[in-house]
Amino acid sequence: MASVSTQPQFRYTQPPSKVLHLRNLPWECTEEELIELGKPFGKVVNTKCNVGANRNQAFIEFQDLNQAIAMISYYASSSEPAQVRGKTVYLQYSNRQEIVNNKTAADVAGNVLLVTIEGADARLVSIDVLHLVFSAFGFVHKITTFEKTAGFQALVQFSDAEIATAAKEALDGRSIPRYLLPEHLGPCTLRITYSGHSDLSVKFQSHRSRDYTNPYLPVAQSAMEGSGQAMVGLDGKRLESESNVLLASIENMQYAVTLDVLHTVFSAFGPVLKIAMFDKNGGLQALIQYPDVQTAVVAKDTLEGHCIYDGGFCKLHISYSRHTDLSIKVNNDRSRDYTIPNIPVVNAQPSILGQQPVSNPMMGPPAQQYNGARFPPPISEQAMMPQSQGGWGTAPPVAPQSMPMQVHNNVYMPPPGTMPPPGTMPPQMGPGMPYPPSHSTPQPAQTFSTYGPDRSQ
DNA sequence: AGCACA
């Protein structure tokens, strides 16, 4: 047989291998389906699914070469082609002798998820928000967060791999809904794989780690301060540095919040030097300048999450601004420099100089500063009266149900079609209010609509 | 319908 090498080899022959190459498989073909297909011919010792750009190829590895030959031979002469879900699959010997499975822990389903939070403000996502997000799929046992070269990451422990898988399938590649994040944060996208861990070790309740199964776990010192937002990094440093200027955003703004109202509320903690109000993301925000950081810290810690008006109206969310001195060009109904009484005042409000003694917040603000008659409800006492013993950081023991936002679990489980896409939610529809409590059975498919960008982003 | 990973 001369010149074999010069003749083109018959295209359909491959040297035999106990590994078979399958193509034209249906979408998301499973290992079980491959095993079913190969089982009549021998023992399938390994498979690899979803191979190739279209993820419609696969490999089957038999224990013995003879078994692979038997399968190829059978279908070579069979009138019925090999099929999976009624779709013809094409078989040939693989050009490799064994399947190389690069299965890492990330591919093996487990009860602990490794979550990478992507985005410029990823590290500002609080553990409470993560807890809320993942609680939609089942009881979250523990969460740890840490910083790696991959960025800000979290390990989220569920009771079993099924729940973890449901959460992974629903959330991987999705963005945390905007309305769960402080308004000044940019988009935060979740990338999720399985972790090799099965039980996380959480020594303290802190801003970096939580054990929701053990409310009696000691609270780390680093968690005592701050408001519950992620402000403490791996090294215990504050990530959002304190400032004498606060950024307040107002949720559920059913009633007008004016400059005077803000001035009254924030003056309870010390002299307010300047206020600038502006609209952002469809809501009202304000910058409030105090003379010093300490006053701002007290005001922030006291007012965060409180409502200006009783009944859950005009809920305050407060963070530190990067500003240290506001530039107020004109005194009007949106901005005021209380330190300069003689710059133009558009609506002729009396200026209040910032030199009054610091009020004790427990006493509420000086009454004469507030013309409350113009507003439908009186300003909530809760906004004025700091609950210094409140929150989970101080009182023993730390009960999970007292953790911030725990009550909002239900936002991830809306009835079908009832959840407006992020950004379209009217401001009065705060998380948690309009929806019934969590379903006991996770329905991750329905949560898709609550997440922002498509996976392709 | 045509050979994997990173």
Side-chain angles (χ1 to χ4, degrees), chain A residues 4-110 113-118 122 147-153 155 161 165 168-169 172-173 189-197 455-457:
Chain A
V4 166
S5 60
T6 61
Q7 297 284 3
Q9 285 285 335
F10 190 54
R11 292 197 306 184
Y12 299 105
T13 57
Q14 295 277 356
S17 165
K18 60 186 178 168
V19 181
L20 302 184
H21 175 225
L22 288 70
R23 55 188 195 273
N24 200 39
L25 286 160
W27 182 250
E28 293 290 298
C29 177
T30 64
E31 178 173 35
E32 287 69 31
E33 288 171 313
L34 297 180
I35 293 172
E36 283 300 311
L37 193 65
K39 198 158 58 177
F41 306 96
K43 173 139 180 77
V44 176
V45 296
N46 206 349
T47 65
K48 191 171 184 68
C49 316
N50 304 321
V51 167
N54 294 329
R55 298 172 61 82
N56 58 0
Q57 300 175 48
F59 297 94
I60 296 178
E61 180 177 339
F62 284 101
Q63 193 165 52
D64 297 318
L65 180 62
N66 287 341
Q67 298 167 349
I69 294 172
M71 186 167 182
I72 291 292
S73 301
Y74 175 83
Y75 285 113
S77 57
S78 168
S79 55
E80 289 294 314
Q83 291 185 335
V84 171
R85 289 182 230 163
K87 197 162 186 249
T88 297
V89 300
Y90 300 89
L91 301 168
Q92 64 189 149
Y93 296 115
S94 171
N95 53 23
R96 298 196 199 179
Q97 293 302 307
E98 58 183 19
I99 289 178
V100 182
N101 275 53
N102 290 352
K103 253 187 194 166
T104 62
D107 304 311
V108 180
L113 297 177
L114 172 62
V115 181
T116 304
I117 300 107
E118 297 178 345
E147 195 90 23
K148 276 269 188 82
T149 48
F152 184 55
Q153 294 188 299
L155 290 163
T165 299
K168 176 179 180 292
E169 293 303 309
D172 186 22
T189 303
L190 304 172
R191 300 287 170 191
I192 304 176
T193 65
Y194 294 105
S195 161
H197 294 85
R455 282 163 197 270
S456 57
Q457 298 185 18

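Note that the structure is predicted; figures quoted are calculated from it, not measured. Here is the naming used below: chain letters follow the sequence lines, and residue numbers restart at 1 for every chain.
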In whole angstroms, the gap separating P of dC5(B) from CG of N50(A) amounts to 11 Å
Taken to the nearest whole Å, CG/N54(A) to C1'/dA1(B) is 10 Å
Next item on the list: Indicate, with a heavy-atom threshold strictly under 4.0 Å, whether V51(A) touches base, sugar-phosphate, or nothing.
Entry: sugar-phosphate
For R23(A) and dC3(B), is the shortest distance between a side-chain N/O and OP1 or OP2 below 4.0 Å? no
So the salt bridge (charged side-chain N to carboxylate O under 4.0 Å, His left out) pairs with at least one residue in residues 71-90 of chain A (sequence neighbours excluded) are E33(A)-R85(A)
Q) NA contact type, E98(A), heavy-atom cut-off 4.0 Å: base, sugar-phosphate, or nothing? A) base
Exercise. Would you please confirm or rule out a distance under 4.0 Å between OP1 or OP2 of dG2(B) and any side-chain N or O of Q57(A)?
Key: yes
From NZ of K48(A) across to P of dA6(B) the rounded distance in Å is 8 Å
note: L20(A), atom CG; dA4(B), atom P; distance rounded to Å ~ 16 Å
Separation of dA4(B) atom P from L34(A) atom CG, nearest Å, is 16 Å
Separation of dC5(B) atom C1' from R96(A) atom CZ, nearest Å, is 8 Å
Residue pairs meeting salt bridge (charged side-chain N to carboxylate O under 4.0 Å, His left out), one or both in residues 41-62 of chain A, sequence neighbours left out, come to K18(A)-E61(A), E28(A)-R55(A)
Think N102(A) has a side-chain N or O under 4.0 angstrom from the OP1 or OP2 of dC5(B)?
-> no
note: D107(A), atom CG; dC5(B), atom P; distance rounded to Å ~ 11 Å
In whole angstroms, the gap separating P of dA1(B) from CD of Q83(A) amounts to 14 Å
N95(A) has its side chain closest, among dA1(B), dA4(B), dC3(B), to dC3(B)
Which of dA1(B), dA4(B), dG2(B) is nearest the side chain of Y90(A)? It is dA1(B)
S78(A) side chain vs Y74(A) backbone, donor-acceptor pair below 3.5 Å
no
Discussion item. Has N24(A) got a side-chain atom pairing as donor or acceptor with T88(A)'s backbone, closer than 3.5 angstrom?
Written reply: yes
